[in-house]
Amino acid sequence: MKKNYRIKWILFVLAFGMLLNPLLLHCPRAYDKIYGIDISRWQGKDVDFHKIKNDGIGFVILRAGYTGGKDILFEDYYKAAKEAGLSVGCYMYSYAESTAEAVQDAKDLKQWIKGKVFEYPVYYDMEDKCLLEYENEDGEKIAYTTEQRTNWALAFLDEMKKDDYYAGVYANLNWFRNYLDSSRLKQYPLWLALWTKDGTDSGDHSDSYGMWQYTSTGKVDGIYGNVDRDVCYVDYPAYIEKNGLNGFKALEYDPDLPFTDVKLKDWFYPSAKYTYENKLIAGTSKTEFSPDVPVTRAMFVSILGRMNKVDINEYQVESNFLDVDMEEYYGPYVMWAYENHVVAGMSDEFFAPDESLTREQMCLMISNYAAYQGITFTGEYENNFVDEEEISDWALDSVKAMSGAGILFGTGHGKFSPMDTATRAECAAIVYRIETRLAEELS
């Protein structure tokens, strides 16, 4: 009975703690307390973040700005902290005296931190005396209510949440108890300011707060003078990164690429990036690369022409093919490729520009392009594809050469699949390999 009573008591305490701090329901507790600091421009330009990290500091919360203005050292601090390997969070100091102003604070902050990644929450610092009262037209001082201030905080938090930022509130104990309705804020990460007399973290506030600022007179190697010191009880980095918050979601994509269908983890990402940045393969729209769309004969010939830096003005001639419109983007490239024996038509009169390019056709075009460049790709053909008999006689030597050189691979199960079409993703990878091999052969 004693054992059962003790278990029930432990479960009650845990459950009660979660009611006090719902953060524990979704954010993992840190195995050990994590120590950090928070700084602003007042710490000056000569902050050494490497020394800070070596002094046992695990994170830094940077002031990004305040109502109406950005901290002049925020950008420098962020870059230096990241380079030193520190985890970073930020805060916005509020002078907002309305819901609209609080929303504008959030919008300003999102603009300042766009493209950045934060392992710790984004906080709204509510402590300024202007949030306590205002003066009316008659010169009378009118107190703002707790409900008003809490509404401002929630307006900021909700606006940040729209763009997947994990935002919370910073305040001192007096504010959390008397000037804010903490019951309406407890689902958010709360950062408590409560300074101890001896300047140490001799205490524990993990029942209701995820982070505690325990002194304003701390000392840290790498900063001249006093600095705020903090202790964190929650493994914010694990929760934020896992859930794609605070900029981590954006890292699924390369900010230098406009495409929403090319992710950093995609196997074709390096090739898509290379071919796009080198103006070899454009998107199918401003935001789409269309990696799974088949490549046409016109597309691939145009890519080879761009690789060769063809001056299309030199090939504004009458088309040799009835189905090649010289007003189309590919027209001059087809004429260049035809005149230089890189490609032939499907017949004397037709090129079939919109027809999907087969793998064996691609091999022949690449072989012809290499010959045009005066280069023979080296490599030994060892694949002996089980479907070799399906490869057209006119393409067999090219397939063996390109396969042996590592330009085109099989499709699996020992097959080459000569009549299959190549997607734009596969084409980008092939072009990247061609460019790499050409550079090696020419060096």
Side-chain angles (χ1 to χ4, degrees), residues 252-285 287-309 330 333 337 342-343 355-373 375-383 385 387 391 395 398-443:
E252 290 184 20
Y253 301 90
D254 187 332
D256 294 328
L257 287 180
F259 306 124
T260 58
D261 54 2
V262 177
K263 295 183 178 181
L264 289 167
K265 65 181 181 181
D266 289 331
W267 67 267
F268 56 86
Y269 158 71
S271 305
K273 181 179 177 67
Y274 175 85
T275 53
Y276 173 75
E277 291 183 342
N278 286 277
K279 297 180 171 57
L280 300 176
I281 302 180
T284 56
S285 73
T287 58
E288 293 178 317
F289 186 76
S290 301
D292 298 322
V293 170
V295 176
T296 65
R297 287 167 52 81
M299 283 182 192
F300 194 66
V301 167
S302 300
I303 292 167
L304 294 176
R306 295 184 192 117
M307 290 168 62
N308 194 61
K309 296 180 172 57
Y330 56 78
Y333 291 118
V342 173
V343 68
E355 188 173 302
S356 295
L357 184 72
T358 66
R359 287 167 55 81
E360 65 176 15
Q361 287 175 351
M362 181 179 285
C363 284
L364 181 60
M365 287 187 191
I366 297 170
S367 292
N368 291 343
Y369 179 73
Y372 167 75
Q373 295 284 354
I375 293 171
T376 301
F377 288 122
T378 58
E380 187 174 349
Y381 175 70
E382 297 178 346
N383 291 299
F385 294 115
D387 57 352
I391 301 172
S398 297
V399 169
K400 289 182 177 181
M402 294 304 102
S403 176
I407 302 298
L408 263 76
F409 302 110
T411 56
H413 304 291
K415 292 185 176 183
F416 181 75
S417 306
M419 299 307 295
D420 283 3
T421 57
T423 64
R424 285 170 54 85
E426 292 169 333
C427 181
I430 290 165
V431 169
Y432 181 64
R433 293 179 204 131
I434 294 171
E435 290 274 272
T436 303
R437 288 302 304 272
L438 282 174
E440 292 173 354
E441 297 291 342
L442 291 171
S443 62

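These numbers were taken from a predicted model, which means no experiment stands behind them.
The CG atom of Leu408 sits 7.0 Å away from atom CZ of Arg433, with the distance rounded to the nearest 0.5 Å. Separation of atoms CD1 (Ile430) and CD1 (Ile366) is listed at 5.5 Å; rounding is to 0.5 Å. Atom CE of Met299 and atom OH of Tyr333 lie 14.0 Å apart (nearest 0.5 Å). Atom CG in Asn308 sits 4.0 Å away from atom OH in Tyr372 (nearest 0.5 Å). Between the CD atom in Glu360 and the CG atom in Asp420 there is a gap of 10.5 Å [rounded to 0.5 Å]. Summarising the geometry, atom CZ belonging to Arg306 is positioned 11.5 Å from atom NZ belonging to Lys279; distances are rounded to the nearest 0.5 Å.
Minimum heavy-atom separation, Val295 to Cys427: CG2-CB, 3.5 Å. When all heavy atoms are compared, the tightest approach of Ile281 to Ile303 is CG1-CD1, 3.6 Å. Here the closest heavy-atom approach between residue Tyr274 and residue Glu435 is recorded as OH-OE1, 2.9 Å. Closest approach of Ala422 to Met362, counting heavy atoms only: CB-CE, 3.6 Å. For Ala429 against Ser271, the heavy-atom pair with the smallest separation is CA-OG, 3.3 Å. Across all non-hydrogen atoms, the minimal contact from Ala337 to Val301 is CB-CG1, 3.6 Å.
No option in Tyr276, Phe268, Tyr253, Tyr269 other than Tyr276 meets the ring-ring contact (aromatic ring centres under 6.0 Å, His included) test with Phe259.
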Item to check | Thr421 vs Ser356, side chain to side chain donor-acceptor pair (under 3.5 Å): CA-CA, chis, key distance, verdict | outcome: CA-CA 6 Å; Thr421 57; Ser356 295; 5.0 Å; no
Without placing hydrogens or testing angles, list every side-chain donor-acceptor pair under 3.5 Å for residues 410-417, not counting sequence neighbours.
residue	atom	partner	partner atom	Å
Thr411	OG1	Lys415	O	3.4
Thr411	OG1	Ser417	OG	2.7

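Side-chain contact check for Phe385 versus Pro418: every heavy-atom pair is 4.5 Å or farther apart. Using a 4.5 Å heavy-atom cutoff, the side chains of Tyr369 and Met307 are in contact. Residues Val293 and Thr284 fail the side-chain proximity criterion, which asks for heavy atoms closer than 4.5 Å. For the pair Leu357/Met365, a side-chain contact is recorded, criterion being any heavy-atom separation below 4.5 Å from C-beta on.
The salt bridge (Lys or Arg N to Asp or Glu O under 4.0 Å) analysis of residues 257-276, with sequence neighbours excluded, yields the pairs Glu252-Lys263, Asp254-Lys273, Lys273-Glu277.
A donor-acceptor pair under 3.5 Å links the side-chain atoms of Arg359 to the main chain of Phe409, judged by distance alone.
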